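Heads up, the thing below is written out as structure tokens.
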Amino acid sequence: MHPPEPDEFELSLFGPGTGEGLVIHLGGGDWMVVDSCLNSDRTKAIAIEYLDSLGVDVAAAVKLVIATHWHDDHIQGLAQILQYAHNARFVCSAALRNEDFCRLVKSAQHINLIESSSGTEEFTGILDILLRQREQTGPDYWAQDRMQLLKEDRIQITALSPSSQVVTDSHILRTKFLPDVGGTRNRIPAVRPNDTSIVLLVETRTMNYLLGSDMEQGKNARYGWKAILESRAAMPFGPGATYKAAHHGSENADHDGIWKKLLLQNPYAFLTPFAKGSKPLPAPGDIARINDYTALGYITAWPPTKKARSLNKTVDRTMNEVTLSRRALRKTPGHIRLRAPLDGVFQDIKVDLFRGARKLSAI
Amino acid sequence: MTTTFQYESDPEASRPVKIAEPCEEIVPDADFFLVNKDAESYLARSQADWLNTGTSEHKDTSTTSVELQKKETKMAPLYRIREKSIIPRHLLILQQWEGVIEQVLSESIVAVLSDLTEASGHQEIVEIPTEEINPSDRDLLEPGAVFYWAIKYEDTPGGQRRRISEIRMRRMPKWSKSMVADVEEEAATMYQQLCENTGDASA
């Protein structure tokens, strides 16, 4: 693979069966990383592996690292990226500057598991790196709606969420998994709700790109997509040519207003699958719905799981007898790459698919 | 009174034996101990002797005075057959997983398994019926709960091979008062540090 031209925008979305990471060329050799997943052998952040393969100097070229929210499938390898990306500013959701989040992070340090570490440990690793390398006690930016994260002549990046309501709601992260005397020290599951996610607007001189993170609809006009759609009146921006679909295309993360107010007609729509849980995302209904909105939908990997098979036939036989269903998580991240001139138009967009990424309409 | 127990070395191992049956069958194979010294001396006598003065089912009406004395101090020997758990078992572990419960459904759980046998990073998503979980562990089923699943062969001393699937919930320790206080203190420090870093630098 060859790197993009200096005046070329690139948006690369990576995702195996479960996991998501974006690598974005901002022009002029500068890069941004949004969320992270691991490579095939789970030893390296996919962003590092990809940028290395392009011959990019990660330490100098990565300018922004953004953790949109704190789900395991979005943050694996993020600490590793920050370790290498000395020049990068680190951004995370302002909703995490919250006492309950600190309790979750600290309580995770009291829970030891062999393989299944909690995502909150990644945050501890990041804080350690920031303190050790930069004598800094937190992120460079606590992002919230309408906060500009990068402003250059050729490109601007703005956070559209979390809403001020979510940021000021000190109980937003309250969960039964907070440590409580006599309670069980279980693994900390995903930090909810998804309203705390950072939705990003990337604006080049001629086109906009909307990155939906895992944002959900929201219970009212002050939460989720409803809040973003509401606040757009106060901060108008042009419709997006490309949409990284929120929350793996799930129905509760979709809103008609996204497609009708925030995006061009028939935009490019990219998504990653999520195979953990009883039913993988996107569900067949989600795929059909997105296909109704656009003919240019793509997914990094499908199917997100494959038939589980052990090398030992006895193990296979036993597991098949005991379980109701059994699927192996796909480890290789698929890759959707969009490239377009920084001052190009919609017709200039070129999309390439690698490592099993597929067109949504072909599923 | 009849007590039933099993021979430890009997490969069939399921044949119940009454204590009142001829002890020649029992004693050579039994791993027994005695409750006190009287019983020990009692056992030192010939088998025929104590068979004659033995259990209520074998009472001898023509006992001597010496035998009567023995009867007064007699205590039935207590036989304890070695438990199977301390018999050296040969286990061949085929596969071990660490599982984390993602969802608890009405009659099953959905969990992500991570391979502990090989550090391959291999993960599987499985749905396991709740009935496969030990009833005493079922109150532990909740998202985030951890279990271990081992699939193994057991070769018994009797020459049998069994295939075993064993799912054990990890009984995670409880949060103690002091530990919660530690977390609170650490979290307060972390929160203070995060607030010191305003993170509002302009672009």
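Chain letters run A, B, ... following the sequence lines, proteins first and then strands; every chain starts at 1. These numbers come from a predicted model, not from an experiment.
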> According to the side chain to side chain donor-acceptor pair (under 3.5 Å) rule, which pairs have a member within residues 100-109 of chain B, sequence neighbours left out?
Replying inline: A:Ser278-B:Gln103, B:Ser108-B:Glu127

> Between B:Gln95 and A:Thr318, is any pair of side-chain heavy atoms under 4.5 Å apart?
Replying inline: no

>> Which heavy atom of B:Ala187 sits nearest to which heavy atom of A:Cys102, and what is that distance?
In response: O-CB, 3.6 Å

>> Just so I understand: if I count every heavy-atom pair under 4.5 Å between each of A:Gly183, A:Ala308, A:Ala94 and chain B, which residue has the most?
In response: A:Gly183

> What distance separates B:Asp182 CG from A:Gln109 CD, expressed to the nearest 0.5 Å?
Replying inline: 11.5 Å

>> What I'd like to find out is whether the side chain of A:Leu127 reaches to under 4.5 Å of the side chain of B:Leu194, using heavy atoms alone.
In response: yes

> Which one, A:Ala328, A:Cys92, A:Gly138, A:Gly17, leads in non-hydrogen pairs under 4.5 Å with chain B?
Replying inline: A:Gly138

> Can you name the one residue among A:Val181, A:Thr184, A:Asp180 that meets side-chain contact (heavy atoms from CB on, under 4.5 Å) with B:Lys174?
Replying inline: A:Thr184

> When only pairs under 4.5 Å are counted, which of B:Ser165, B:Pro173, B:Ala181, B:Ala188 shares the most heavy-atom pairs with chain A?
Replying inline: B:Pro173

>> I need the residue from A:Gln136, A:Arg42, A:Met319 with the largest number of non-hydrogen atom pairs under 4.5 Å to chain B.
In response: A:Met319

> So with a 6.0 Å cut-off around CZ of A:Arg309, is the heavy-atom count from everything else above 12?
Replying inline: no

> Highest number of heavy-atom pairs under 4.5 Å with chain B: which of A:Leu131, A:Thr305, A:Asp41, A:Asn98?
Replying inline: A:Asn98

> In Å, rounded to the nearest 0.5 Å, how long is the span from CG of A:Leu324 to CD1 of B:Ile109?
Replying inline: 10.0 Å

> Does any heavy atom of chain A fall under 4.5 Å from the side chain of B:Glu132, the backbone, both, or neither of them?
Replying inline: side chain

> Which answer fits A:Lys331, side chain, backbone, both or neither, if we ask what part of it has an atom under 4.5 Å from a heavy atom of chain B?
Replying inline: side chain

> In Å and rounded to the nearest 0.5 Å, what is the OG to CD distance from A:Ser310 to B:Glu124?
Replying inline: 7.5 Å

>> Looking only at heavy atoms and a cut-off of under 4.5 Å, which of B:Leu94, B:Ile167, B:Ile125, B:Val126 has the most pairs with chain A?
In response: B:Ile125

> Given a strict heavy-atom distance threshold of 4.5 Å, which part of A:Leu38 is in contact with chain B: side chain, backbone, both, or neither?
Replying inline: neither

> Do other residues, nucleotides or ligands put more than 12 heavy atoms under 6.0 Å from B:Glu185 CD?
Replying inline: no

>> For B:Arg138, I'd like to know if atom CZ has over 12 heavy atoms of other residues, nucleotides or ligands within 6.0 Å.
In response: yes

> Who wins among B:Gln192, B:His122, B:Glu184 for the most heavy-atom pairs under 4.5 Å with chain A?
Replying inline: B:Glu184

> Do A:Thr314 and B:Arg163 meet the criterion of a side-chain donor-acceptor pair at a distance under 3.5 Å?
Replying inline: no

>> Taking side chain as everything from C-beta outward and backbone as N, CA, C, O, which of these in B:Leu113 sits under 4.5 Å from a heavy atom of chain A? Side chain, backbone, both or neither.
In response: side chain

> Where on A:Asn312 is there a heavy atom nearer than 4.5 Å to chain B: the side chain, the backbone, both, or neither?
Replying inline: side chain

> Is it the side chain or the backbone of A:Val105 that comes within 4.5 Å of chain B heavy atoms, both, or neither?
Replying inline: side chain

> Looking only at heavy atoms, which two atoms of A:Phe123 and B:Met190 are closest? And how far apart?
Replying inline: CE2-CE, 3.4 Å

>> Using a 4.5 angstrom heavy-atom cutoff, name the option from A:Arg326, A:Arg185, A:Arg327 with the most pairs to chain B.
In response: A:Arg185

>> So for B:Ile101, is it side chain, backbone, both, or neither that comes closer than 4.5 Å to the heavy atoms of chain A?
In response: neither

> Which salt bridge (Lys or Arg N to Asp or Glu O under 4.0 Å) pairs, counting each pair once, include a residue from residues 145-154 of chain B, with sequence neighbours left out?
Replying inline: B:Arg89-B:Glu154, B:Lys152-B:Glu166, B:Glu154-B:Arg162

>> Less than 4.5 Å to any heavy atom of chain A: does that hold for the side chain of B:Val110, its backbone, both, or neither?
In response: side chain

